[in-house]
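What follows is a single structure, written as structure tokens, with notes after it.
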Amino acid sequence: MLPEYYKYSLDPLDTLTFAAAHTKTIALGTSVLDIPYHNPVTLARRLTTIDLLSNGRLRLGLGLGWSKDELDATGADMKNRGAMADEFLQVLKAIWTTDPVAFQGKFYKVPKSYISLKPVQKPHPPIYMAAFAAPALKRLATMADGWNPVAIPVAGMAQMFTAVKQMAKEAGRDPASLAMVVRANVDITDRPLGQERMIFSGTIEQIKEDAVGCRDIGAHELFFDPVFSPGADSLDRWLALMEQLRKLV
């Protein structure tokens with residue numbers, strides 16, 4: 001059974017549009033939008049709108065989804081989601097970089113169309129993939145701008161990112177152009193947890209060790225998500241947690 005807080009959430013793109021109107025410098029990102037739940041043409045337009053309204057602050061995190069219930073509820077195709085993702089990314093980039101745009105694939109077809117405006121960021125907003133399996137890591141290495149890992153131990157992230165950069169090199173890309181942006185699902189406890197603890201769970205001191213570990217393996221950024229911590233359903237508690245975590249990096 002899923003945790004209770006999975007039942008309550010705002011639409012991420014509408015929320016980011018609101019945030020764009022109330023901020024000036026902070027990056028606005030998703031971690032992550034599940035590709036099977038979206039149409040690439042309509043999603044490209046919504047994302048472009050956010051990038052324009054925020055003056056180029058959008059950062060796009062994408063994944064394939066994992067919940068069969070969600071996939072069924074949205075009419076998504078779980079069996080072909082990997083192959084569909086390959087085309088999905090091609091359509092997004094085509095819409096953002098060409099005019100007129102046309103695409104003919106197995107899963108998506110875009111007749112010759114003029115789709116403007118284009119994003120502020122060139123050639124397009126950065127795309128980060130949440131990837132674990134080998135095919136997804138290869139997709140990241142060949143088609144994305146970075147990796148958005150979550151719930152992977154530091155040593156595992158180091159090994160996997162090394163493999164990603166090697167695949168990027170073999171595909172003719174510059175491995176140094178790929179960024180690793182780590183998502184930290186934080187669960188703070190009063191007492192230290194044992195060696196089998198999940199990364200970013202335990203005391204503040206243990207969570208700090210994880211943050212230092214991410215820095216040591218070359219992570220470019222780390223962001224905290226305190227929704228899994230006790231009391232995070234309260235705004236005051238959320239802000240207090242974020243202030244506490246801010247001091248760790």
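In this text, all values refer to a predicted model and were calculated from it rather than measured experimentally.
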Enclosure of Asp190 CG (heavy-atom neighbours >12, cutoff 6.0 Å): no
From CA spacing to verdict: side chain to side chain contact (heavy atoms under 4.5 Å, CB included), Leu64, Phe132: CA-CA 10 Å; Leu64 296 188; Phe132 299 90; over 6 Å; no
Under 3.5 Å: donor-acceptor pair, side chain of Asn185, backbone of Ala151: no
Which atom of Pro119 lies closest to which atom of Asp51, heavy atoms considered: CB-OD2, 3.4 Å
Option among Arg183, Arg197, Arg215 that satisfies the salt bridge (charged side-chain N to carboxylate O under 4.0 Å, His left out) test with Asp210: Arg197
Donor-acceptor contact present, side-chain Asp99 to main-chain Ile115, <3.5 Å: yes
Closest non-hydrogen atom pair, Tyr128 against Ala179: CE2-CB, 4.2 Å
Heavy atoms from other residues, nucleotides or ligands near NZ of Lys118 exceed 12 (cutoff 6.0 Å): yes
Mutual orientation of the aromatic rings belonging to Phe161 and His220 [parallel < 30°, tilted 30-60°, perpendicular > 60°]: perpendicular
Check: Ser54 side chain, Ala20 main-chain N or O, donor-acceptor pair, under 3.5 Å: no
Pairwise distance CG(Leu241) to CZ(Phe224) - rounded to 0.5 angstrom: 11.0 Å
Minimum side-chain heavy-atom gap Pro40-Phe107 below 4.5 Å: no
Lys247 and Lys208, any side-chain heavy atoms less than 4.5 Å apart: no
Trp147-Val154 co-clustered via ILVMFWY side chain contacts under 4.5 Å: yes
Shortest non-hydrogen separation from Ile95 to Val41 and the atoms involved: CD1-CA, 3.7 Å
Interatomic distance, Met129 atom CE to Asn148 atom CG [nearest 0.5 angstrom]: 10.0 Å
Shortest non-hydrogen contact between Ile35 and Ala85, atoms and distance: CD1-CB, 3.9 Å
Euclidean distance, Leu33 CG relative to Leu47 CG, rounded to 0.5 Å: 6.5 Å
Check: Ile26 main-chain N/O paired with Arg57 side-chain donor or acceptor under 3.5 Å: yes
Joint cluster assignment, Ile127 & Met160, ILVMFWY side-chain distance < 4.5 Å: yes
Lys169 atom NZ, neighbour heavy-atom count above 12 within 6.0 Å: no
Step-by-step side chain to side chain contact (heavy atoms under 4.5 Å, CB included) determination, Met167 to Arg173: CA-CA 9 Å; Met167 286 187 283; Arg173 303 186 69 194; over 6 Å; no
Polar side-chain atom of Arg139 near backbone of Ala131 as donor-acceptor pair, under 3.5 Å: no
Separation of Trp66 CH2 from Asp34 CG (nearest 0.5 Å): 9.5 Å
Salt bridge flag under 4.0 Å for residues Asp86 and Lys138: no
Lys/Arg N to Asp/Glu carboxylate O, Arg246 vs Glu243, below 4.0 Å: yes
Greater than 12 external heavy atoms within 6.0 Å of Leu193's CG: yes
Sidechain-backbone polar pair: Glu87 side chain, Lys106 backbone, donor-acceptor under 3.5 Å: yes
Gln166, CD atom: more than 12 neighbouring heavy atoms under 6.0 Å: yes
Tyr37 atom OH, over 12 foreign heavy atoms within 6.0 Å: yes
hydrophobic_cluster_shared for Phe103 and Met84, side chain cutoff 4.5 Å: yes
Closest non-hydrogen atom pair, Pro123 against Thr97: O-CG2, 3.4 Å
Linked, directly or transitively: Val164 and Ile152 (ILVMFWY side chains, under 4.5 Å): yes
N/O donor-acceptor pair under 3.5 Å between Gln121 side chain and Leu58 backbone: yes
Distance in Å, Arg45 CZ paired with Ser116 OG, rounded so as to fall on 0.5 Å steps: 9.5 Å
Donor-acceptor contact below 3.5 Å, side chain Thr189 vs main chain Arg191: yes
Evaluation steps, side chain to side chain contact (heavy atoms under 4.5 Å, CB included), between His124 and Leu92: CA-CA 9 Å; His124 52 73; Leu92 279 184; over 6 Å; no
Derivation and outcome, side chain to side chain contact (heavy atoms under 4.5 Å, CB included), residues Leu43 and Leu13: CA-CA 9 Å; Leu43 182 62; Leu13 299 184; 3.5 Å; yes
Atom pair CG (Leu28) and CG (Leu60), whose distance is rounded to the nearest 0.5 Å: 12.0 Å
Connected via hydrophobic side-chain network under 4.5 Å: Trp96 and Val120: no
side-chain contact (heavy atoms from CB on, under 4.5 Å) partner of Pro36, chosen from Asn80, Thr74, Asp77, Leu71: Leu71
Enclosure of Lys122 NZ (heavy-atom neighbours >12, cutoff 6.0 Å): yes
Heavy-atom side-chain proximity of Met198 to Asp187 below 4.5 angstrom: no
Minimum heavy-atom distance between Thr23 and Ala19, given as atom pair plus value: OG1-O, 2.7 Å
